[in-house]
Amino acid sequence: MTPQAVRLAFAGAAFLNPELSRLLDWVRDLDEPGFLEDLGTDPLSLETDYNRLFLSPEGAVCPPWQGAHTADERLMGDSHLSALDWYRRFGIEPAANNEPADHIGLLLLFYSRLIDSGADDAERQVFRLQHLDWIPPFCAKVEQEARHPFWRRLARLTPEWIHG
């Protein structure tokens with residue numbers, strides 16, 4: 001995998017699952033200074049901030065779905081359907097039918113795969129314009145709202161990684 005693809009896969013995996021042991025494995029292979037220290041050793045604080053930022057039933061501070069950041073603010077709407085179309089064109093079928101395909105983690109993992117698969121620049125740019133343009137403002141909000149240093153660092157670096 002290219003360094004960009006590795007970074008995007010790491011970011012996608014982190015936004016999908018805050019399990020400390022899993023993230024520690026990724027960070028050791030990432031070769032990005034500061035992440036190991038930011039993760040610390042307290043899985044509870046990492047997961048608590050993740051839940052508050054992205055999953056809170058009272059209303060996530062930073063909803064991780066593209067559809068929540070579009071004009072109609074709808075889950076399972078147009079951005080979900082478009083992302084599903086992209087995934088299926090490249091032979092990827094979601095594991096669950098009731099999971100929004102426009103989750104930042106899934107989009108970043110797919111973009112990593114696009115980069116690593118040798119998809120041409122034009123195709124990658126179309127995907128980036130359709131599905132990743134909302135991520136820099138989203139990450140700015142995460143960086144502002146996060147209490148845990150890992151989420152702040154990830155939010156600061158993810159937009160840079162998208163553009164290589």
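Side-chain heavy-atom separations under 4.5 angstrom define the hydrophobic clusters, and the remaining members of the one that includes M76 are W65, L75.
In this structure H148 satisfies the side-chain hydrogen bond (donor to acceptor under 3.5 Å, both in side chains) test with no other residue, sequence neighbours excluded. Residues meeting the salt bridge (Lys or Arg N to Asp or Glu O under 4.0 Å) test with D85, sequence neighbours left out: R89. Applying the side-chain hydrogen bond (donor to acceptor under 3.5 Å, both in side chains) criterion to R52, with sequence neighbours excluded, gives D49. By the ring-ring contact (aromatic ring centres under 6.0 Å, His included) test, Y50 pairs with F54, W151, sequence neighbours left out. Listed by chain and number, the residues in a salt bridge (Lys or Arg N to Asp or Glu O under 4.0 Å) with R88 are E93 (sequence neighbours excluded). Listed by chain and residue number, S45 satisfy the side-chain hydrogen bond (donor to acceptor under 3.5 Å, both in side chains) test with D42 (two or more places apart in sequence, or in another chain). In this structure H69 satisfies the ring-ring contact (aromatic ring centres under 6.0 Å, His included) test together with W134, F138, sequence neighbours excluded. Remark: E143 engages R156 in a side-chain hydrogen bond (donor to acceptor under 3.5 Å, both in side chains) (not counting sequence neighbours).
With rounding to the nearest 0.5 angstrom, the CG atom of L23 is 6.0 Å from the CZ atom of F10.
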Derivation of the side-chain hydrogen bond (donor to acceptor under 3.5 Å, both in side chains) call for S79 and H131: CA-CA 7 Å; S79 59; H131 289 288; 5.8 Å; no
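No hydrogens or angles considered: a donor-acceptor pair under 3.5 Å links the side chains of R128 and Y111.
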Give the table of side-chain donor-acceptor pairs shorter than 3.5 Å for residues 1-9, with sequence neighbours excluded, one pair per line with atom names and distance.
{"residue": "T2", "atom": "OG1", "partner": "A5", "partner atom": "N", "Å": "3.1"}
{"residue": "Q4", "atom": "NE2", "partner": "W161", "partner atom": "O", "Å": "2.9"}
{"residue": "Q4", "atom": "NE2", "partner": "I162", "partner atom": "O", "Å": "2.9"}
{"residue": "R7", "atom": "NE", "partner": "E32", "partner atom": "OE2", "Å": "2.7"}
{"residue": "R7", "atom": "NH2", "partner": "E32", "partner atom": "OE2", "Å": "3.3"}

Please table the atom pairs, donor to acceptor, closer than 3.5 Å between any side-chain atom in residues 12-21 and protein atoms at least two apart or in another chain.
{"residue": "N17", "atom": "OD1", "partner": "E19", "partner atom": "N", "Å": "2.9"}
{"residue": "E19", "atom": "OE2", "partner": "S21", "partner atom": "OG", "Å": "3.0"}

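Counting only residues at least two apart or in different chains, salt bridge (Lys or Arg N to Asp or Glu O under 4.0 Å) contacts with residues 94-116 are absent.
Side-chain contact check for V61 versus S56: every heavy-atom pair is 4.5 Å or farther apart.
A perpendicular orientation is assigned to the rings of F110 and W86, their planes being inclined by more than 60° (bins at 30° and 60°).
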